[in-house]
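Read through the structure below, which is laid out as structure tokens, and then see the notes.
Note that these values count all heavy atoms, side chains included, but never hydrogens, waters or copies made by symmetry.
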Amino acid sequence: MSEPALSPDERRPIVRDSLGVGIATGLYGTSFGAVSVASGLDVAQTCALSLLVFTGASQFALVGVLGAGGSAVSAVLTAALLGTRNTLYGLRLAPLLGWRGARRLGAAHLVIDESTAMAVTRGSTAAARTGFTWTGVSVFVLWNLFTLLGAIGGTVLGDPRTYGLDAAVGAAFLALLWPRLREPGGLALALAAAAVALLVVPLAPAGVPVLAAGGTALLAGLLARGRSRPERAA
């Protein structure tokens with residue numbers, strides 16, 4: 001038996017909140033467009049990244065490594081490392097949304113932080129689908145639109161170093177990281193990862209320090225998970 005559809009009164013606030021998230025997140029695409037051009041990509045390459053990759057942190061990581069002179073391999077590995085969290089989101093969303101076939105394939109491209117958050121907090125499958133779809137589609141459309149505008153603007157401005165855009169990648173990552181520092185152990189982990197990256201900088205090519213910092217975070221997560229298992233068993 002299928003679950004009943006949402007009433008207009010139930011649907012309206014979910015759509016409103018989803019569009020609000022979509023607008024706020026989509027506007028940030030302007031920064032990515034400008035940063036990507038500042039890192040050496042052209043407008044078409046920048047727009048292709050937003051269309052095909054569509055996960056902000058990974059996109060910033062990729063252009064950041066390339067802009068610093070790193071190899072394409074290092075850039076892709078760094079972006080993939082940051083994108084692994086979306087796989088975990090998918091494992092949580094698949095049974096919650098309950099889609100199959102082409103709808104499930106299409107939804108996979110919209111699995112990001114925002115669409116996941118707007119789905120997992122709902123009390124029914126219908127509400128979760130509404131929150132996920134409206135958030136994912138609105139972010140996708142606006143992110144790509146503002147990526148294009150940012151890329152064109154960055155091209156018109158000329159040398160990005162004149163306006164400080166060459167420092168925007170670091171600033172963007174700091175903005176992404178800042179809310180996580182409030183979580184238990186977040187600050188200590190961030191400092192440890194930063195220390196590892198700084199130690200690796202004089203010894204390795206561009207891009208490798210980011211991978212080393214990410215590896216430090218993954219190792220810390222695995223160790224924490226290993227310690228928690230005996231406690232649950234007890």
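Of the inter-residue distances, the one linking Asn86 atom CG with Thr116 atom OG1 reads 7.0 Å to the nearest 0.5 angstrom. Here the OG1 atom belonging to Thr87 is positioned 11.0 Å from the OH atom belonging to Tyr89, to the nearest 0.5 angstrom. For the atom pair CG of Leu91 and CG of Leu96, the computed distance is 12.5 Å after rounding to the nearest 0.5 Å. Atom-to-atom distance recorded for Thr133:OG1 and Leu97:CG is 7.5 Å, nearest 0.5 angstrom. Separating the CE atom in Met118 from the CD1 atom in Ile14 is a distance of 8.0 Å, to the nearest 0.5 Å.
A donor-acceptor pair under 3.5 Å is absent between the side-chain atoms of Ser36 and the main chain of Phe32, judged by distance alone. Without hydrogens or angle criteria, Ser138 side chain to Thr135 main chain gives a donor-acceptor distance under 3.5 Å. In this structure, Thr30 contributes its side chain and Leu27 its backbone to a donor-acceptor pair below 3.5 Å. Although no hydrogens or angles enter the test, the distance criterion places no donor-acceptor pair under 3.5 Å between the side chain of Ser18 and the main chain of Trp134. With Thr46 contributing its side chain and Ala151 its backbone, the two residues share no donor-acceptor pair below 3.5 Å.
Two different hydrophobic clusters hold Phe146 and Val139 under the rule that ILVMFWY side chains link at heavy-atom gaps under 4.5 Å.
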Step-by-step side chain to side chain contact (heavy atoms under 4.5 Å, CB included) determination, Thr130 to Val15: CA-CA 7 Å; Thr130 301; Val15 173; 4.1 Å; yes
Check against side chain to side chain contact (heavy atoms under 4.5 Å, CB included), Phe132 and Val120: CA-CA 9 Å; Phe132 176 87; Val120 299; over 6 Å; no
Verdict with reasoning, Val141 to Val137, per side chain to side chain contact (heavy atoms under 4.5 Å, CB included): CA-CA 6 Å; Val141 172; Val137 171; 4.3 Å; yes
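By the 30° and 60° cut-offs, the orientation of the rings of Phe140 relative to His109 is perpendicular.
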